[in-house]
Undergrad: 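This is the structure, below, for whatever I ask next.
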There are 2 protein chains.
Amino acid sequence: MKITAKGEYGVRAMTTLALEYRAGPIPLREIARREGISHRFLEQIFLPLRRAGLITSVRGAKGGYVLAKAPDEIKIGDIVRTLEGPIAPVECVAEGNEESCKRSPACLTRGIWERLRDTVSEVLDDITLADVITN
Amino acid sequence: MKITAKGEYGVRAMTTLALEYRAGPIPLREIARREGISHRFLEQIFLPLRRAGLITSVRGAKGGYVLAKAPDEIKIGDIVRTLEGPIAPVECVAEGNEESCKRSPACLTRGIWERLRDTVSEVLDDITLADVITN
DNA sequence: AGAAAACCGAGTGAATTAATCGGGATTTAA
DNA sequence: TTAAATCCCGATTAATTCACTCGGTTTTCT
């Protein structure tokens with residue numbers, strides 16, 4: 001039950017952007033430096049976050065990244081799903097996956113993973129960046 | 001946020017044992033066949049489960065495995081922890097890990113992972129094998 | 001023009017995962 | 001007493017994923 005470095009770094013970086021919300025674009029290198037993350041790796045993380053509409057980029061000199069929405073409108077679940085795909089303790093109960101595995105409906109254990117998936121989703125969707133920065 | 005095949009297979013196999021509780025020892029091959037799992041792989045899974053005191057083995061012909069306790073005394077959390085180690089969405093908040101990472105207590109995101117860890121723990125410890133087999 | 005920054009896909013080494021393998025020990029039944 | 005069934009256990013391997021790295025392009029500011 002681990003989230004990957006992408007997810008963890010993504011949440012950390014987004015938290016940094018939330019702290020600097022309204023301070024103008026922050027360069028990726030600056031965020032990487034503060035958080036002790038390779039900026040090359042962070043680049044890979046910001047690309048999908050931008051495509052998902054969670055951050056906005058400003059190109060060129062004096063450019064950088066800004067949250068696309070207010071911190072209280074960005075849920076941790078949004079970040080995690082963008083970087084790690086649908087929340088699913090096991091593949092066969094992935095969010096948004098309508099079809100079930102061949103073992104279903106006989107599968108007695110399916111209910112465990114569905115309940116776990118839903119609980120994890122609820123927790124991550126209940127926390128916004130605003131919550132995180134207000135400690 | 002995935003659990004591994006070991007954890008998934010382990011829970012499935014333990015559920016099978018729960019269904020056959022009081023039916024005498026069930027051979028591992030039989031469980032593997034029913035669940036469509038390689039019996040060689042399942043062997044690897046049963047070893048730690050036995051060492052953790054969740055199942056009991058009977059050696060020799062007519063041998064097999066039995067739950068060491070009644071189904072309502074075995075929590076899914078017990079199985080998952082045995083096979084996958086302490087529950088922890090990120091390493092620095094692993095269950096039973098008293099020391100924090102060097103970023104703490106400044107780390108704003110730590111609370112997210114602690115809350116997630118506790119929630120996952122609660123869900124998995126709230127479900128017993130008895131719950132699973134009574135659908 | 002030059003510097004600073006975002007953009008983008010491809011590649012890579014290490015680690016982890018998911019098995020497979022080979023053989024040994026123990027018990028039961030014929 | 002021998003054969004068959006079964007658990008026991010460590011070693012090895014194949015596949016996959018992870019955590020980065022790299023080389024280069026485009027955009028914008030000064």
Undergrad: Strictly below 4.0 Å: does A:Ser38 bring a side-chain N or O up to OP1 or OP2 of D:dA19?
TA: no
Undergrad: Look only at the side chain of A:Glu35 and the backbone of A:Ala13, and say whether a donor-acceptor pair between them is shorter than 3.5 Å.
TA: no
Undergrad: Keeping the roles fixed (side chain from B:Arg81, backbone from B:Gly77), state whether a donor-acceptor pair exists under 3.5 Å.
TA: yes
Undergrad: Ignoring hydrogens and angles, state whether a donor on the side chain of A:Asp118 or A:Ser121 is under 3.5 Å from an acceptor on the partner side chain.
TA: no
Undergrad: Look at the side chain of A:Glu84 and the backbone N and O of A:Gly7, then say whether any donor-acceptor pair between them is shorter than 3.5 Å.
TA: yes
Undergrad: Of the nucleotides C:dA19, C:dC7, D:dT28, which one has an atom closest to the side chain of A:Tyr65?
TA: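 Of all the options, the side chain of A:Tyr65 is nearest to C:dC7.
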Undergrad: Give, ordered by number, those residues of residues 43-54 of chain A having at least one heavy-atom distance below 4.0 Å to an atom of DNA chain D; if nothing qualifies, reply none.
TA: A:Gln44
Undergrad: Give a yes or no on whether the backbone of A:Ala130 and the side-chain of A:Thr128 come within a donor-acceptor separation of less than 3.5 Å.
TA: yes
Undergrad: Looking only at heavy atoms, which two atoms of B:Ala18 and B:Leu129 are closest? And how far apart?
TA: CB-CB, 4.0 Å
Undergrad: Check every atom of D:dC29, D:dT6, D:dA19 against the side chain of A:Lys62 and return the nucleotide holding the closest atom.
TA: D:dC29
Undergrad: Are OP1 or OP2 of C:dA18 and a side-chain N or O of B:Tyr9 less than 4.0 angstrom apart?
TA: no
Undergrad: Side-chain N or O of A:Thr4 less than 4.0 angstrom from OP1 or OP2 on D:dT17?
TA: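 For D:dT17, OP1/OP2 do not have a side-chain N/O of A:Thr4 under 4.0 Å.
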Undergrad: Let's test your reading of the model: under 3.5 Å, does the base of D:dT26 pair with the side chain of A:Arg59 as donor and acceptor?
TA: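 Per atom types, the contact qualifies.
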